[in-house]
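What you see is a predicted model, and the numbers here were worked out from it, not measured in a lab.
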Amino acid sequence: MVAAPLLLAGGAHGQGRPAGPAVAATPYLIQLPVAGSAAARALPTDSRQLLRTQFGLGPADELRPLRRETDGLGFTHEVFQQYYRGLKVEHGRYTVHRRAGRAELLSGEVKRPWKRTTTPTLTEVAALQRAQAAVGASRYMWQDAAAEQQLRALTGNPNATYFPAGERVLVEDFRQPAAAR
């Protein structure tokens with residue numbers, strides 16, 4: 001994969017994915033300006049606001065924190081999940097990498113769902129049927145009474161089940177030409 005440098009708002013430099021029919025041009029790695037520079041001082045200090053500024057996210061976009069962890073090198077990684085109009089955007093995650101409290105890198109992928117419909121195209125039942133057809137198993141855990149009973153005993157929850165629960169999400173339809181998405 002060949003990366004092309006981009007210049008983003010706030011003086012940050014990023015690497016964009018090469019354009020193609022199924023690949024968005026969203027930068028997946030952004031190196032922020034050097035500490036002490038005027039460009040670095042102009043960046044928001046709040047991670048969510050920093051991401052909103054870098055990607056020009058609108059009022060219908062939301063970034064919800066998923067986790068925060070610190071590694072052995074002293075970097076703190078704040079991971080955010082993107083939502084649009086309250087719906088989770090599949091594969092819409094971005095991480096702010098901080099050292100000594102200062103954001104140094106951004107990585108991940110922010111999707112641009114505002115050009116897409118938020119009307120469901122699949123019911124939960126239809127989605128499960130498609131998933132089962134793709135997997136092709138002859139039997140599933142939720143169909144095994146002993147496995148279900150063991151799960152309930154392990155969790156202490158008399159209603160626990162392996163039966164999958166659907167989640168409504170926005171996901172890019174790669175079956176469509178890029179111009180139609």
[atom1]/[X] to [atom2]/[Y] distance, rounded to the nearest 0.5 angstrom?
X      : Y      : atom1 : atom2 : value
Glu62  : Leu57  : CD    : CG    : 11.0 Å
Leu73  : Arg99  : CG    : CZ    : 8.0 Å
Phe80  : Leu50  : CZ    : CG    : 9.0 Å
Tyr94  : Glu109 : OH    : CD    : 8.5 Å
Leu122 : Arg168 : CG    : CZ    : 11.5 Å
Asp144 : Leu151 : CG    : CG    : 11.0 Å

Ignoring hydrogens, what is the shortest heavy-atom contact between [X] and [Y]? Give both atom names and the distance.
X      : Y      : result
Leu105 : Gln31  : CD2-CA, 3.6 Å
Arg139 : Ala145 : NH2-N, 4.5 Å
Ser107 : His97  : OG-NE2, 2.6 Å
Leu43  : Pro33  : CD1-CD, 3.6 Å

Taking C-beta and beyond as the side chain, do [X] and [Y] meet within less than 4.5 Å on heavy atoms?
X     : Y      : answer
Leu51 : Leu106 : yes
Arg68 : Thr76  : yes
Asp71 : His77  : yes
Glu69 : Val79  : no

Linking I/L/V/M/F/W/Y whenever their side-chain heavy atoms sit closer than 4.5 Å, directly or via other members, would [X] and [Y] fall into one cluster?
X      : Y      : answer
Tyr140 : Val125 : no
Met141 : Val135 : yes
Leu66  : Val96  : no

Decide whether a cation-pi geometry holds between Arg98 and Phe75; the criteria are a distance under 6.0 Å from NZ or CZ to the six-membered ring centre and an angle within 45° of the ring axis.
-> no
Evaluation steps, ring-ring contact (aromatic ring centres under 6.0 Å, His included), between Trp142 and Tyr162 | CA-CA 5 Å; Trp142 66 85; Tyr162 284 111; 8.9 Å; no
Counting only N and O atoms by type, is there a donor-acceptor contact under 3.5 Å from the side chain of Gln82 to the main-chain atoms of Leu63?
-> no
Taking the side chain from Arg41 and the backbone from Ala35, do they hold a donor-acceptor pair closer than 3.5 Å?
-> no
Verify the distance criterion only: is there a donor paired with an acceptor across the side chains of Gln81 and Arg93 at less than 3.5 Å?
-> yes
Evaluate whether atom CZ of Arg130 has more than 12 neighbouring non-hydrogen atoms of other residues, nucleotides or ligands under 6.0 angstrom away.
-> no
Over 12 non-hydrogen atoms of neighbours within 6.0 angstrom of CD in Gln49 = yes
Would Glu124 and Leu128 count as a side chain to side chain contact (heavy atoms under 4.5 Å, CB included) if you check the C-alpha gap in whole Å, the side-chain angles of each, and the deciding distance to 0.1 Å?
-> CA-CA 6 Å; Glu124 186 174 356; Leu128 177 58; 5.8 Å; no
I would like to know whether Val169 and Tyr84 meet side chain to side chain contact (heavy atoms under 4.5 Å, CB included); could you show each step before the answer?
-> CA-CA 9 Å; Val169 298; Tyr84 178 71; over 6 Å; no
